[in-house]
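Remarks on the structure that follows.
Reminder, nothing fancy here: chain letters follow the sequence lines and each chain counts from 1.
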Protein chains: 2
Amino acid sequence: MKNMSVKKKRNGPIMFPKATLERLKMYHALLQEEKSEYISSEEIARKLSIKPEQVRKDISYLDYSGKPKVGYHISSLVDALDELFGTKLRDNIIIIGAGHLGKALANYKGFVNFGIRVVAIFDNDPEKLGTYAGELVVLPLKDLDRVIRRFNVKIGTICVPGESAQKTVDLLIKKGIKAIWNFAPVILEVPENILVENMDIARSVLTLKHLLDRTPTGKIR
Amino acid sequence: MKNMSVKKKRNGPIMFPKATLERLKMYHALLQEEKSEYISSEEIARKLSIKPEQVRKDISYLDYSGKPKVGYHISSLVDALDELFGTKLRDNIIIIGAGHLGKALANYKGFVNFGIRVVAIFDNDPEKLGTYAGELVVLPLKDLDRVIRRFNVKIGTICVPGESAQKTVDLLIKKGIKAIWNFAPVILEVPENILVENMDIARSVLTLKHLLDRTPTGKIR
DNA sequence: TAGATTGTTAATCGATTAACAATC
DNA sequence: TAGATTGTTAATCGATTAACAATC
């Protein structure tokens with residue numbers, strides 16, 4: 001009776017609605033920037049252009065409670081979100097494809113905030129082999145097996161061109177990778193026990209193009 | 001009576017549900033790869049792990065019809081999607097921030113397929129000024145005004161660190177930019193007539209981390 | 001034509017929002 | 001305490017799915 005939401009913890013993992021998960025990531029981004037100690041659902045909502053009820057509902061999925069009359073204790077809420085996303089647990093990831101994007105990711109310093117460490121970058125182009133991406137030397141794909149075992153890698157990042165993405169994914173799965181972070185602009189086919197997160201960077205701009213053509217302000221092209 | 005869906009074209013722009021727009025982008029990605037002449041809703045659905053009814057419903061929003069008993073004529077459907085997203089109309093965009101990511105985007109050859117041309121990349125770091133990103137020289141932000149007018153730029157790409165993202169955005173809006181493509185890992189505040197598309201690359205991996213911890217396969221960390 | 005597949009209407013489901021009780 | 005804000009239940013809304021009519 002004290003905390004009814006405990007029941008959600010009972011049988012099996014709770015499934016978060018996809019939209020809720022996306023918003024929880026936005027709260028996570030927003031709260032990292034906040035300097036004050038408490039924040040209300042009203043304020044979060046205003047900054048994200050959503051409804052405060054939505055914020056309260058989303059947060060009710062978490063193993064966390066706010067304080068009536070005061071709001072949400074920011075650092076505790078961030079902790080709850082970190083727990084949800086496992087940002088305090090480190091995952092070693094690998095990058096396949098040492099083009100501009102692959103190297104940019106290998107150089108990104110912010111991954112540490114999300115519990116991610118890039119342990120290797122691969123490419124089969126002889127031109128790229130042996131060159132550096134940040135502190136990592138570009139390795140040939142024959143080293144895949146060794147690296148995946150050694151660092152217990154679960155997540156593989158696809159930064160190869162669209163044409164070679166599928167066969168790269170097939171290889172990674174064969175080598176034991178469980179989740180694919182896909183930056184290639186193609187749809188991948190994977191077994192149903194394999195997770196895929198698509199980050200089709202260039203195609204994401206199409207939403208802006210679409211809306212620019214249909215928004216009063218953007219109408220004038 | 002011939003084509004009831006014409007009514008959708010009548011009063012003002014049709015609003016596509018956000019989820020539908022996202023799926024239409026996936027169809028766009030999938031169909032580009034298809035070699036055959038026709039494809040069925042069944043096949044599209046299977047490749048995307050969704051329901052065929054969903055596919056038919058989504059496509060019914062478009063100014064396009066399939067052929068009963070045959071399926072969708074792929075190239076015509078791609079045309080309809082290109083029309084929806086305006087990929088045949090060129091938008092000139094600029095990139096602010098000539099770090100690894102900004103330069104990777106400036107070097108990306110695939111934008112032409114989406115009707116995007118990067119016309120300039122900016123940075124105020126004296127170390128970066130004058131260096132090259134692909135064929136573009138890194139310019140100082142004082143040139144912003146001139147470039148935006150000269151190339152009629154509507155979309156600004158934010159590749160600066162989180163700390164400077166908001167003030168960069170404020171500046172762009174003052175200079176007349178109508179849409180922000182945001183790669184900084186922060187929530188931006190903009191007037192309501194300004195469009196924002198968030199591409200929080202690193203944070204997107206949190207979905208995989210979350211699911212890996214909750215999926216039978218991924219459970220063993 | 002008969003059969004297969006689209007397109008659309010209606011039913012269902014799930015997510016959002018409103019209302020209000022709980023509470024500090 | 002009174003008032004403000006959370007948390008939760010119920011109502012509403014919108015999106016998905018099912019069913020089936022249209023059609024090539």
Side-chain angles (χ1 to χ4, degrees), chain A residues 1-10 14-27 31 34 36-78 80-81, chain B residues 1-10 14-27 31 34 36-74 76-77 80-81:
Chain A
M1 184 138 17
K2 197 65 163 300
N3 183 0
M4 290 293 280
S5 73
V6 162
K7 72 172 179 310
K8 295 181 304 191
K9 299 280 151 190
R10 291 283 158 68
I14 325 130
M15 281 313 269
F16 288 71
K18 174 94 177 116
T20 293
L21 260 190
E22 287 308 306
R23 282 191 300 269
L24 289 170
K25 280 195 277 184
M26 295 205 294
Y27 305 160
L31 297 177
E34 289 296 321
S36 47
E37 197 175 354
Y38 287 90
I39 192 169
S40 65
S41 57
E42 193 79 41
E43 191 172 351
I44 294 175
R46 188 179 51 72
K47 294 194 172 176
L48 295 171
S49 308
I50 59 178
K51 296 260 163 84
E53 299 88 333
Q54 182 77 270
V55 174
R56 296 203 296 274
K57 182 72 166 181
D58 288 339
I59 290 175
S60 77
Y61 283 94
L62 300 173
D63 190 14
Y64 168 81
S65 288
K67 290 191 191 166
K69 198 177 164 174
V70 182
Y72 300 101
H73 186 252
I74 293 179
S75 71
S76 312
L77 180 49
V78 169
L81 289 166
Chain B
M1 191 162 336
K2 198 64 163 301
N3 183 358
M4 291 294 280
S5 73
V6 162
K7 74 173 179 310
K8 294 181 304 190
K9 298 280 150 187
R10 290 282 157 67
I14 325 132
M15 282 314 269
F16 288 72
K18 174 96 178 116
T20 293
L21 260 190
E22 289 306 307
R23 282 189 302 268
L24 288 170
K25 281 194 275 183
M26 296 205 294
Y27 305 160
L31 297 176
E34 288 296 321
S36 47
E37 198 174 353
Y38 288 90
I39 193 170
S40 65
S41 58
E42 193 79 40
E43 190 172 352
I44 295 175
R46 188 179 50 73
K47 293 193 173 175
L48 295 171
S49 308
I50 59 178
K51 294 259 162 86
E53 298 89 332
Q54 182 77 271
V55 174
R56 297 203 294 275
K57 182 72 165 181
D58 289 339
I59 290 176
S60 78
Y61 283 96
L62 299 174
D63 190 12
Y64 168 81
S65 288
K67 290 190 192 170
K69 198 178 165 174
V70 183
Y72 300 101
H73 186 253
I74 293 180
S76 312
L77 180 48
L81 289 165

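The interatomic distance linking Glu42(A) (CD) with dG7(D) (P) rounds to 14 Å, in whole Å. Atom NZ in Lys57(A) sits roughly 11 Å away from atom C1' in dG14(C) (whole-Å rounding). The CG atom of Leu21(B) sits 14 Å away from the C1' atom of dA15(D) (whole-angstrom rounding). Atom pair Asp58(A):CG and dG7(D):P shows a separation of 12 Å (rounding to whole Å applied). Atom CZ in Arg56(B) sits roughly 14 Å away from atom P in dA21(D) (whole-Å rounding). In this structure, the NZ atom of Lys69(A) is 7 Å from the C1' atom of dA4(D), given to the nearest Å. Rounded to an integer number of Å, the gap from CD of Glu22(B) to P of dT16(D) is 12 Å. In this structure, Ile44(A) atom CD1 and dT6(D) atom C1' are separated by 12 Å, rounded to whole Å.
With rounding to the nearest 0.5 Å, the separation of CG in Leu24(A) from CG in Leu77(A) is 8.5 Å. Going from atom NE2 of His73(B) over to atom OG of Ser36(B) covers 10.0 Å, rounded to the nearest 0.5 Å. With rounding to the nearest 0.5 Å, the separation of CG in Leu21(B) from CE in Met15(B) is 8.5 Å. The line from CG of Leu31(A) to OH of Tyr72(A) is 11.0 Å long, rounded to the nearest 0.5 Å. Taking CD1 from Ile59(B) and CG from Leu81(B), the interatomic distance works out to 7.5 Å, rounded to the nearest 0.5 Å.
Stems are defined here as 3 or more consecutive Watson-Crick or G-U wobble pairs with pairing distances under 3.5 Å; those involving DNA chain D are C:3-24 with D:3-24.
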Validation: residues 46-57 of chain B side-chain donor-acceptor distances under 3.5 Å, sequence neighbours left out:
from, atom 1, to, atom 2, distance (Å)
Lys47(B), NZ, Glu34(B), OE2, 2.7
Gln54(B), OE1, Arg23(B), NH2, 2.9
Arg56(B), NH1, Ser41(B), OG, 3.3

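Only at 4.0 angstrom or more do the heavy atoms of residues 47-55 of chain B sit from any atom of DNA chain C, so none qualifies.
Summarising the local packing, CD of Glu42(B) is surrounded by 12 or fewer heavy atoms from other residues, nucleotides or ligands at distances under 6.0 Å.
For the residue pair Ala80(B) and Tyr64(B), the shortest heavy atom distance occurs at CB-CB, 3.8 Å.
When each of Pro17(A) and Lys67(A) is assigned the nucleotide of DNA chain C bearing its nearest heavy atom, the one mapping closer to the 5' terminus is Pro17(A). For the pair Ser41(B) and Arg23(A), nearest-nucleotide mapping onto DNA chain C gives the more 5' position to Ser41(B).
Residue Ser40(A) places none of its side-chain N or O atoms closer than 4.0 Å to OP1 or OP2 of dA4(D).
The side chain of Tyr72(B) sits closest to dG7(C) out of dT16(C), dG7(C), dT16(D).
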